[in-house]
Amino acid sequence: MSKLLPVRGTHDIIGEDFRLQNYVIKSALTVAETFGYEPIETPIFESTDVYQRTLGETSDIVNKEMYTFKDKGGDSLTLRPEGTAGIARAVISGGLQDNTPLKWYYSGPMFRHERPQKGRLRQFHQFGAELIGVADPAADVEVISMATEFLRNLGLLSEVKLQLNTLGDFQSRKTYRESLINYFSDFKDNLSEESQVRLTRNPLRILDSKDSNDKEIVSGAPSFHNFLTPEADSFFKNMCSGLDNLGIEYLSNPYLVRGLDYYCHTTFEFISDKLGAQGTLLAGGRYDGLIPMMGGQSIPGVGWAAGIERICMLTQMPTEEPRAICVIGLGEPGEKEAAKIALRLRRSKFKVDLIYKGGLKRGLRRANKIGAVAAILLGENELTNNNVTVRNLDNGSQTEVSLSELDSHLAVYESAKLVAE
RNA sequence: GUGGCUGUAGCUCAGUUGGUUAGAGCGCCUGAUUGUGGUUCAGGAGGCCGUGGGUUCAAAUCCCAUCAGCCACCCCA
């Protein structure tokens with residue numbers, strides 16, 4: 001029982017788990033590159049107000065989930081809880097507002113002080129894409145198309161459903177909000193405790209309540225559809241027909257509400273039912289108000305973020321790791337020679353595990369344990385003859401070959417080579 | 001922040017209505033093999049029973065607190 005544990009909600013990612021995570025991230029950025037997007041990395045912490053002002057005073061992220069601290073200069077800083085706000089800040093900081101459209105992708109850790117559960121950590125990883133400066137629904141379509149290709153390449157498209165909604169423009173949302181408050185106020189005493197709080201804070205939230213009684217009340221609530229301005233309505237219709245044009249399947253869910261204040265018009269989530277309560281793998285939407293809210297010019301944007309850990313839970317690695325060749329030297333002269341041979345094989349892209357000390361038995365045991373294909377043995381006998389012994393660990397056969405013939409002899413172990421990138 | 005379940009060896013877990021030296025499997029180490037792994041056999045190490053308090057002649061077992069893990073609510077990727 002070790003007393004030294006990782007901080008709550010964080011964990012170490014080791015070996016195969018880490019490879020899988022790298023694989024998922026790599027396939028995401030490959031897709032993003034094929035869409036012509038550029039990589040960007042913003043700092044892991046920002047001034048607190050970057051998040052405070054933009055994510056919404058009523059959002060849980062701002063209210064209770066931010067890792068905020070004062071640095072030695074007394075400035076209030078916050079570990080980033082999401083990626084979009086930092087990127088909007090970068091647009092303004094870099095004076096990039098005249099360079100639109102900006103097409104960016106990013107990946108890295110995010111931090112939220114939440115109670116951990118399945119699919120939810122305090123430090124987790126996201127990959128995201130943003131398309132900034134295009135007001136046309138074609139931008140929404142492109143970004144959703146990229147997300148679809150990403151999930152398709154991982155073999156997850158059949159595992160998820162794309163849900164879609166519109167939050168309309170500012171005007172639509174304002175009138176709808178008022179009518180919701182009106183409607184729900186009549187049922188106030190029947191609503192769940194949580195929804196009563198939502199009624200004053202964020203009435204749209206009541207729409208996706210999980211409470212069964214709430215759901216019944218919600219079913220009679222006014223539909224957002226009737227409150228959309230003609231502009232917002234046609235924006236949504238255009239976007240849907242853009243998705244149809246690309247053969248992207250989706251489900252319209254009028255109760256899909258995003259948590260962050262900066263969203264407008266399109267919102268979407270790719271949801272799996274195999275991950276317990278936290279089934280959203282990837283989610284995003286349009287945030288036309290964000291950059292002006294931060295004091296920049298009025299530039300629209302649309303994007304999404306994917307939860308790497310959640311996606312990893314559903315993803316299989318398509319290829320197996322190459323099996324190593326173990327190089328075992330006996331005695332000091334043998335070890336020196338072994339180090340040289342290991343380097344030589346590594347330069348030929350073999351995956352090589354060099355064994356230190358401990359004799360032949362221990363060396364072979366280690367070779368077996370790591371699942372090596374072969375072992376190369378170097379003792380006194382081999383050294384005096386300028387040879388090495390190559391032992392096949394699957395069938396136990398071994399032959400002594402001269403150093404000059406080693407490469408051709410190892411040709412049968414091609415599978416131990418790492419594939420060039 | 002709220003609730004439910006769970007904390008016993010490195011790992012997965014047994015442990016009877018409270019009763020003497022707390023067990024198994026896997027893993028680890030040593031030997032059978034002084035230069036041959038994976039199989040087999042023989043032996044060995046490893047536990048403040050999450051932590052602190054309480055009840056009792058006696059606590060891994062009952063009670064309280066606390067910490068941690070998991071799952072759910074909330075919320076979100």
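Lettering follows sequence order; numbering is per chain, from 1. The basis for the numbers below is simple: all heavy atoms, side chains too, and nothing from hydrogens, waters or symmetry mates. Note that the coordinates shown come from a computational prediction; the quantities given were computed from them, not determined experimentally.
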*A:Ile328 CD1 - B:G35 P separation (whole Å)*: 13 Å
*P atoms of B:C62 and B:G18, separation to the nearest Å*: 8 Å
*Within this structure, what is the CD-to-P distance between A:Gln123 and B:C76, rounded to whole angstrom?*
21 Å
*Would you kindly give the CG-to-P distance between A:Asn395 and B:U36, to the nearest whole Å?*
18 Å
_Strictly below 4.0 Å: does A:Arg8 bring a side-chain N or O up to OP1 or OP2 of B:G69?_
yes
*Given the C1' atoms of B:G52 and B:A59, what is the spacing between them in whole Å?*
15 Å
*How is A:Ile370 classified with respect to the nucleic acid when contacts are heavy atoms under 4.0 Å: base, sugar-phosphate, or nothing?*
nothing
*Could you label the plane-to-plane angle of the A:Tyr183 and A:Phe187 rings as parallel, tilted or perpendicular, counting under 30° as parallel and over 60° as perpendicular?*
tilted
*So do A:Ile44 and A:Phe111 actually touch side chain to side chain, heavy atoms under 4.5 Å?*
yes
*Which nucleotide, in any strand shown, forms a Watson-Crick or G-U wobble pair with B:C73, with both distances under 3.5 Å?*
B:G1
*Would you say A:Glu309's side chain and A:His125's backbone share a donor-acceptor pair under 3.5 angstrom?*
yes
*Interatomic distance at P, B:U61 relative to B:G53, whole Å*: 14 Å
*State whether A:Lys161 and A:Asp273 are salt-bridged, where the test is any N-O pair (Lys NZ or Arg NE/NH1/NH2 against Asp/Glu carboxylate O) under 4.0 Å.*
no
*Counting Watson-Crick and G-U wobble pairs only, both distances under 3.5 Å, name the nucleotide matched with B:G35, or none.*
none
_At 4.0 Å (heavy atoms only), tell me whether A:Leu393 reaches a base, stays on the sugar-phosphate, or touches nothing._
base
_Students often get this wrong, so: under 4.0 angstrom with heavy atoms, is A:Glu309 touching a base, only sugar-phosphate, or nothing?_
nothing
*asked:* I want to check one thing: is the phosphate of B:A77, taken as OP1 and OP2, less than 4.0 Å away from some side-chain N or O of A:Arg122?
replied: no
*Pick the P atom in B:G69 and in B:C26, then give their distance to the nearest Å.*
31 Å
*Which nucleotide in the list B:G35, B:C73, B:C74 gets nearest to the side chain of A:Ala277?*
B:C73
_Options B:U36, B:A77, B:G35, nucleotide nearest the side-chain atoms of A:Leu364_ = B:U36
*What is the distance, rounded to the nearest whole Å, between atom CG of A:Leu275 and atom C1' of B:C76?*
13 Å
_Please classify the nucleic acid contact of A:Gly284 as base, sugar-phosphate, or nothing, using heavy-atom distances under 4.0 Å._
nothing
*Using the P atom as the reference point in each nucleotide, state the distance between B:C5 and B:C63 in Å, no decimals.*
12 Å
*Checking all strands, does A:Ile311 fall into the base, sugar-phosphate, or nothing category for heavy-atom contacts under 4.0 angstrom?*
nothing
*Nucleotide forming a Watson-Crick or wobble pair with B:U56, both distances under 3.5 Å*: none
_Gap between atoms CG and P, on A:Leu377 and B:G35 respectively (whole Å)_ = 13 Å
*Could you tell me whether the phosphate oxygens of B:G27, OP1 or OP2, come under 4.0 Å of any side-chain nitrogen or oxygen in A:Arg365?*
no
*Watson-Crick or G-U wobble partner for B:G44, using a 3.5 Å limit on both distances?*
B:C28
*Counting heavy atoms from C-beta on, name the nucleotide in B:A77, B:C73, B:A68 closest to the side chain of A:Lys210.*
B:C73
*Please work out if A:Gln117 contacts a base, only the sugar-phosphate, or nothing of the nucleic acid, heavy-atom cut-off 4.0 Å.*
base
_Heavy-atom side-chain contact between A:Tyr37 and A:Val31 under 4.5 Å_ = no
*Starting from the 5' end of RNA chain B, give me the residue, A:Phe124 or A:Leu378, whose nearest nucleotide shows up first.*
A:Leu378
*Whole-Å distance between B:G37 P and A:Leu330 CG?*
13 Å
*Are side-chain heavy atoms of A:Glu216 and A:Asn190 found at a separation under 4.5 Å?*
no
*At under 4.0 Å between heavy atoms, what does A:Arg366 touch on the DNA or RNA strands: base, sugar-phosphate, or nothing?*
nothing
*Closest approach of A:Tyr413 and A:Ala374, non-hydrogen atoms and distance?*
CZ-CB, 3.7 Å
*Which part of the nucleic acid does A:Gln398 contact within heavy-atom distance under 4.0 Å: base, sugar-phosphate only, or nothing?*
base
*Between A:Ser209 and A:Glu194, is any side-chain donor less than 3.5 angstrom from a side-chain acceptor?*
no
*Would you classify A:Glu193 as touching base, sugar-phosphate or nothing, given that sugar-phosphate means primed atoms plus P, OP1 and OP2, and contacts are heavy atoms under 4.0 Å?*
nothing
*Write down the partner of B:A9 under the Watson-Crick or G-U wobble criteria, each distance required to be under 3.5 Å.*
none
*What nucleic acid atoms does A:Lys361 come within less than 4.0 Å of, heavy atoms only: base, sugar-phosphate, or nothing?*
base
*Pairwise C1' distance for B:G23 and B:G31, with rounding to whole Å*: 26 Å
*Can you see which heavy atom on A:Ile206 is nearest to which on A:Ser195, and at what distance?*
CD1-O, 3.6 Å
*Gap in Å between the two P atoms, one belonging to B:G27 and one to B:U17, rounded*: 33 Å
*Counting any heavy atom closer than 4.0 Å, what does A:Gly128 reach on the DNA or RNA strands: base, sugar-phosphate only, or nothing?*
nothing
*B:G38 OP1/OP2 closer than 4.0 Å to side-chain N/O of A:Lys369*: no
*Which part of the nucleic acid does A:Ala305 contact within heavy-atom distance under 4.0 Å: base, sugar-phosphate only, or nothing?*
sugar-phosphate
_Any donor-acceptor pair, under 3.5 Å, between the side chain of A:Arg362 and the base of B:G37, if you only look at N and O atoms?_
no
*Complementary nucleotide for B:U51 - Watson-Crick or wobble, under 3.5 Å*: B:A65
_Inter-nucleotide P distance (B:G10, B:G50), Å rounded_ = 13 Å
*asked:* For A:Arg115 and A:Asn381, find the nucleotide of RNA chain B closest to each by heavy atoms; which residue's nucleotide sits nearer the 5' end?
replied: A:Arg115
*Where the side chain of A:Ala283 is concerned, which of B:A77, B:A72, B:C75 is the nearest nucleotide?*
B:A77
*Look at the side chain of A:Asn368 and the base of B:G38, then say whether one donor and one acceptor between them are separated by less than 3.5 Å.*
no
